There are 2 protein chains.
Amino acid sequence: MSSIRDVAREAGVSVATVSRALSMPEKVSEEAMNKVHRAIEKVGYRPNMLARNFRSARSYAIVVLVPDIANPFYSLVIRAIEDRAQQKGYAVLLGDTRGTPERELEYIRRVETRLADGLLQLRPHSEKTHNVIPPDIATVNACGCEYTTGPSVRIDNRGAAKTIVDYLISLGHRRIGAISGLKDNPHAIDRMKGYKESLAEHGIPFDPDLVAEGDFTMWSGLNSAFQFCHMKNRPTAIFSTNDEMAIGAIQTLKSQGIRVPEDMSVTGFDDIAYAKYTDPSLTTMSQPAEEMGKMAMDMLLKIIEGEPLTQTECVLPTEFIIRKSTAPAPGAELPNTPKKVTPAP
Amino acid sequence: MSSIRDVAREAGVSVATVSRALSMPEKVSEEAMNKVHRAIEKVGYRPNMLARNFRSARSYAIVVLVPDIANPFYSLVIRAIEDRAQQKGYAVLLGDTRGTPERELEYIRRVETRLADGLLQLRPHSEKTHNVIPPDIATVNACGCEYTTGPSVRIDNRGAAKTIVDYLISLGHRRIGAISGLKDNPHAIDRMKGYKESLAEHGIPFDPDLVAEGDFTMWSGLNSAFQFCHMKNRPTAIFSTNDEMAIGAIQTLKSQGIRVPEDMSVTGFDDIAYAKYTDPSLTTMSQPAEEMGKMAMDMLLKIIEGEPLTQTECVLPTEFIIRKSTAPAPGAELPNTPKKVTPAP
DNA sequence: TTGTAAGCGTTATCAG
DNA sequence: CTGATAACGCTTACAA
């Protein structure tokens with residue numbers, strides 16, 4: 001519990017010199033430097049960061065607001081954020097909101113009360129169900145959507161979804177079921193837009209009976225798929241707005257004796273690590289999770305440090321990964337099997 | 001940026017009264033209370049927690065040291081920790097070490113410099129490869145092993161592993177391959193002990209050729225399995241020390257035309273969410289991830305607050321989950337198929 | 001290059 | 001119950 005004073009006394013210099021030796025070494029003589037370091041060693045001094053942060057009115061911490069840390073896509077983004085933060089000397093406060101506005105508010109308060117210098121959001125902001133972020137708070141959205149306001153990093157969810165459905169249609173599918181996220185989830189909304197756009201473009205009428213509402217969990221994918229199994233005129237393909245629901249859906253299909261992809265194709269979204277190891281492996285849209293986290297962190301740091309933002313919205317490219325869960329529609333006659341699909345911008 | 005002074009002036013009371021109104025409301029008259037709250041509202045006051053923490057020499061934060069946040073088992077534990085921390089008014093600093101002692105040290109420093117009040121470790125401590133935690137730091141291990149020193153929460157890794165291998169043997173398996181974690185990983189060591197114990201108990205000689213060293217990733221499981229496929233006298237079952245390696249291994253086996261479980265049984269460890277959705281679904285040992293995080297957090301809080309610990313080591317029960325990835329050994333004659341297996345203590 | 005001393009926003013200690 | 005005031009450990013003008 002020794003303080004800077006003890007070091008100063010031991011070294012025979014002033015506290016100012018000790019302070020400077022620690023934070024502006026170039027302004028201290030070599031001799032003083034040595035004395036200080038010896039003294040630090042001797043008294044076992046550790047600077048009190050609480051005091052330093054207080055004095056400099058900065059916490060060197062940011063909070064990450066995430067709907068669910070156990071979601072593998074989010075944990076990838078967070079890992080990248082943490083990595084970057086550590087490099088820059090910032091700490092990451094974990095803010096798992098579990099979808100509740102109350103918990104979210106707690107974390108917003110943490111930055112209002114100076115416990116954090118900024119806020120990184122991993123879920124698109126929907127004013128209806130979430131708190132509005134006070135305007136004086138430095139914040140960046142790392143997983144934005146089309147209508148995200150304020151600085152954000154995102155992918156083209158709509159375009160990426162359209163790419164997937166275009167592909168399904170090119171395989172001869174005409175009845176394509178969709179497993180959406182919750183109705184007011186901005187990611188689900190954007191992706192469903194792409195789904196509808198693709199259908200419209202190919203002259204396929206949109207059928208509301210063909211969309212099931214999930215909540216991005218495997219469990220909900222499992223349940224949603226039942227709805228499609230027992231239809232009189234069941235779809236030949238399922239477009240899921242994320243990988244876990246697709247994995248759950250495949251499970252159900254198999255249990256009902258429906259072969260994937262021979263009888264029904266299934267696509268995911270995110271390309272989580274498990275997508276490659278399911279049976280069959282999952283055709284899906286890969287998001288640059290690491291890059292998203294890293295870029296968002298860099299943007300937030302700029303805002304915090306008062307540097308100008310070169311661009312306020314950053315749309316990153318996705319990659320369409322074709323694996324084994326998709327095949328030509330049963331009985332479809334294809335002019336030629338598509339070899340290549342342009343990735344979403 | 002208004003301070004407690006502004007509130008005091010506005011309310012016509014002293015700063016001491018404002019401070020008390022906020023942290024010891026029972027010691028303030030109702031009248032003063034009202035004046036203060038009106039003033040707070042009016043000037044838009046938010047207490048500066050940096051100052052409060054500095055003054056009270058507490059950060060109300062803990063750091064969680066985790067080898068890899070993207071590991072689904074760890075993210076479950078962390079979610080529970082965060083939940084508990086939030087309830088108790090503590091923040092969680094994410095410390096993803098990526099296995100490097102340097103990053104680990106950075107986080108240990110954070111608690112030495114008062115930026116956190118305590119340390120929760122999610123990996124067993126092995127003195128050889130990790131920093132030693134200074135004795136004056138409040139710390140609890142949430143995923144301990146047999147030889148973890150200091151307060152810890154853990155499961156009986158050895159016993160649980162033995163339960164699995166006992167089961168395999170009861171199915172008639174005699175040549176049982178093992179995919180271990182890295183040699184010096186304490187979890188891997190404990191679990192491999194259980195493996196060997198079970199073999200010994202059943203009079204099956206231990207064969208070093210039958211153990212592959214993985215690193216707990218799916219990728220390493222995938223590679224390890226190849227080693228078993230191409231053996232002259234290949235095993236009829238694989239005991240993997242975690243689920244991801246088991247999932248990777250199954251992938252390899254299938255690709256090599258080896259049916260699971262008909263030709264070869266595979267077992268995992270952890271029971272991550274995906275274990276239920278692989279094909280075939282995975283027989284594995286379920287760890288009480290949430291409970292482990294919650295208990296460890298409670299213990300750490302007690303240490304921080306100076307309360308006595310009722311017990312310093314807490315061993316939680318596991319549950320053996322038999323799914324579809326295990327079956328009787330090919331050609332084995334079983335006296336009677338085992339119906340029930342006693343779970344590890 | 002170094003030292004002196006004035007804060008930073010709170011809480012805690014004393015008197016009143 | 002309330003108010004004045006001294007810390008808390010550090011940074012940073014300003015002076016030397």
Side-chain angles (χ1 to χ4, degrees), chain A residues 1-40 43-61 89 109-117 305, chain B residues 1-40 43-61 89 109-117 305:
Chain A
M1 291 293 165
S2 51
S3 83
I4 201 171
R5 286 193 144 68
D6 304 309
V7 178
R9 193 178 321 113
E10 180 67 33
V13 300
S14 73
V15 292
T17 302
V18 178
S19 176
R20 280 189 286 252
L22 259 36
S23 35
M24 336 145 86
E26 72 282 3
K27 306 214 137 240
V28 168
S29 72
E30 196 167 331
E31 190 198 342
M33 205 66 179
N34 288 333
K35 286 196 286 187
V36 168
H37 277 128
R38 259 196 301 276
I40 287 179
V43 305
Y45 171 69
R46 291 274 178 262
N48 182 338
M49 290 301 199
L50 251 29
R52 176 180 295 190
N53 288 353
F54 162 56
R55 184 56 236 248
S56 46
R58 304 268 264 94
S59 65
Y60 293 97
R109 287 259 185 279
R110 282 218 157 80
V111 6
E112 287 183 323
T113 56
R114 323 282 201 296
L115 282 180
D117 297 332
E305 317 262 353
Chain B
M1 293 291 166
S2 51
S3 83
I4 202 170
R5 287 192 144 68
D6 304 306
V7 178
R9 195 179 318 114
E10 181 65 33
V13 299
S14 73
V15 292
T17 302
V18 178
S19 176
R20 278 188 288 251
L22 259 36
S23 36
M24 336 145 83
E26 72 283 1
K27 307 212 135 241
V28 168
S29 71
E30 197 168 329
E31 190 197 342
M33 204 68 181
N34 288 333
K35 286 196 286 188
V36 168
H37 277 128
R38 260 196 301 276
I40 286 179
V43 305
Y45 170 70
R46 291 270 177 266
N48 183 336
M49 292 300 201
L50 250 30
R52 176 179 296 193
N53 288 353
F54 162 54
R55 183 55 236 239
S56 46
R58 303 270 265 94
S59 65
Y60 293 97
R109 286 262 184 277
R110 282 214 156 80
V111 5
E112 287 183 322
T113 57
R114 322 284 202 294
L115 283 179
D117 297 332
E305 318 262 353

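Bear in mind the structure is a predicted one, so any value in this text is a computation, not a measurement.
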Side-chain ion pair, E30(A) and K35(A), N-O less than 4.0 Å: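 Result for this pair is no, no salt bridge flagged.
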Side-chain N or O of [X] versus OP1/OP2 of [N]: is the shortest distance under 4.0 Å?
X	N	result
S19(B)	dT10(C)	no
S56(A)	dC10(D)	no
R52(B)	dG9(C)	no
T17(A)	dG3(C)	yes

Spatial distance of atom OG (S59(A)) from atom CZ (R110(A)) [nearest 0.5 Å]: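 S59(A) atom OG to R110(A) atom CZ measures 11.5 Å (nearest 0.5 Å).
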Point-to-point distance, once rounded to the nearest 0.5 Å, from CE of M49(A) to CZ of F54(B):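 The distance works out to 14.0 Å.
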If I take atom [atom1] in residue [X] and atom [atom2] in nucleotide [N], what distance separates them, rounded to the nearest angstrom?
X	N	atom1	atom2	result
R114(B)	dG9(D)	CZ	P	8 Å
L50(B)	dT11(C)	CG	P	13 Å
Y45(A)	dG9(D)	OH	P	10 Å
N34(A)	dT2(C)	CG	C1'	16 Å
R9(A)	dG9(D)	CZ	P	12 Å
I40(A)	dC10(D)	CD1	C1'	13 Å
L22(A)	dG9(D)	CG	P	16 Å
I4(B)	dG9(C)	CD1	C1'	8 Å

Sugar-phosphate, base or nothing in reach of A32(B), heavy atoms under 4.0 Å: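 Here A32(B) touches the backbone only, sparing every base.
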Closest-nucleotide ordering on DNA chain C, the 5'-leading residue of E30(A) and V18(B):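 Residue closer to the 5' terminus by nearest nucleotide: E30(A).
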For the pair [X] (side chain) and [Y] (backbone), establish whether a donor and an acceptor sit closer than 3.5 Å, ignoring hydrogens and angles.
X	Y	result
S2(A)	V43(A)	yes
T17(B)	V13(B)	no
N53(A)	L50(A)	no
T113(B)	R109(B)	yes

Candidates dT10(C), dC8(C), dT2(D) - which lies nearest the side chain of F54(A):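 The nucleotide sitting nearest to the side chain is dC8(C).
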Nucleotide of dC1(D), dC10(D), dG9(C) approaching S3(B) most closely (side-chain heavy atoms):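 Selected nucleotide (nearest to the side chain): dG9(C).
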Below 3.5 Å is the cut-off: list the nitrogen or oxygen pairs between protein and nucleotides 4-7 of chain D, distance only.
unit_1	atom_1	unit_2	atom_2	d
dA7(D)	N3	R55(B)	NH1	2.6

